[in-house]
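Since this is a predicted model, take the numbers as computed values, not measurements. In listed order, ligands and their atoms are each counted from 1. Heavy-atom basis, side chains included; hydrogens, waters and symmetry copies ignored.
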Amino acid sequence: MDRLRFAAGDRVRCKVSAARWNRGTVIQLNYREDHWPAGRVAPYQIKLDNGTEIYAPADVDDLIRADDGTEDFDPAVEIHVCQSGPCRQAGSEAVLLEIEELADSVGGVVVQPTGCLGNCSQAPNALVVTDAAENLFAKLCDLSSSAAVVERASGRAPSLDDAAMVARLERARRLRVRMQAREESKWNLALAGMAEDVVRASSAEDRVELLRDQADLLAAAGFGDQ
Ligand code: FES
């Protein structure tokens, strides 16, 4: 077996997600959990500075690095947007799109889809993860609530002055609600606001596409040509 690079008590930086590195201290070598199959061992158990205990599955620089305290690294703030069942049914795909676009406009935030955050009854949900804390945002039912998530994560309020962007994101959300309603055969909900969207369409192509969707929905709902 190769010699391990760190000893108990060494200060290290650990990769804790796609974009985050947290500082901590090695507290155990050759760590095992009871439910692991025989022979499985993780080289290190680490106590992060935020109190969480994790293990490093391999002794490689991509996962765990020495930390002499001199390198100043700025841990990225992350927004995790739930894309599991109840959140998806409540429009979380549109929430992800909104948060990605708003976060892009302010910068410094990593946005990623995630699994269930354990708050399904208040869907759709997103979690803001910083070095110091995790904050759950629930019932993200409109663009301004998505903007509040981005503001909390970045410390900067994204501008909602771009009327074209706001209209595009709101339309994406209505489209998502419509698709979900159609999947669940909730025809009134699926058709709600569609006539207004046709009137507000920003181009002839959009209008034709919306009219086609509307005709499809009416046919699926049993109101098509007999
Ligand atoms: S499905 Fe999103 S919190 Fe459970």
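Between the side chains of Glu53 and Tyr55, not a single donor N or O lies within less than 3.5 Å of an accepting N or O.
Counting atoms of ligand 1 from 1 in the listed order, those under 4.0 Å from a heavy atom of Asn119 are 3 (S). Remark: ligand 1 atoms within the under-4.0 Å shell around heavy atoms of Asn125 are 3 (S). Those atoms of ligand 1 that come under 4.0 Å of a heavy atom in Ser84, given as number and element, are 1 (S). Residue-ligand proximity, Gly118 to ligand 1, at heavy-atom distances under 4.0 Å covers atoms 3 (S). The atoms of ligand 1 that sit less than 4.0 Å from any heavy atom of Cys116 are 1 (S), 3 (S), 4 (Fe).
Not close to ligand 1: Ala123, with no non-hydrogen atom less than 4.0 angstrom away.
A side-chain donor-acceptor contact under 3.5 Å links Arg32 to the backbone of Pro37.
Metal site remark for atom 4 (Fe) of ligand 1: Cys87 contributes no N, O or S atom at a distance under 2.8 Å. Among the atoms of Cys82, none of the N, O or S atoms falls under 2.8 Å from atom 4 (Fe) of ligand 1.
Across all their heavy atoms, Val111 and Ala103 have their closest contact at CG2-CB, 3.6 Å.
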Test side chain to side chain contact (heavy atoms under 4.5 Å, CB included) applied to Asn22 and Cys14, step by step: CA-CA 5 Å; Asn22 281 11; Cys14 299; 5.6 Å; no
List the steps, then state whether salt bridge (charged side-chain N to carboxylate O under 4.0 Å, His left out) holds for Asp49 with Arg23. CA-CA 6 Å; Asp49 290 354; Arg23 288 191 157 99; 5.8 Å; no
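In summary, Asp61 and Arg5 engage in a salt bridge, as defined by a charged side-chain N under 4.0 Å from a carboxylate O.
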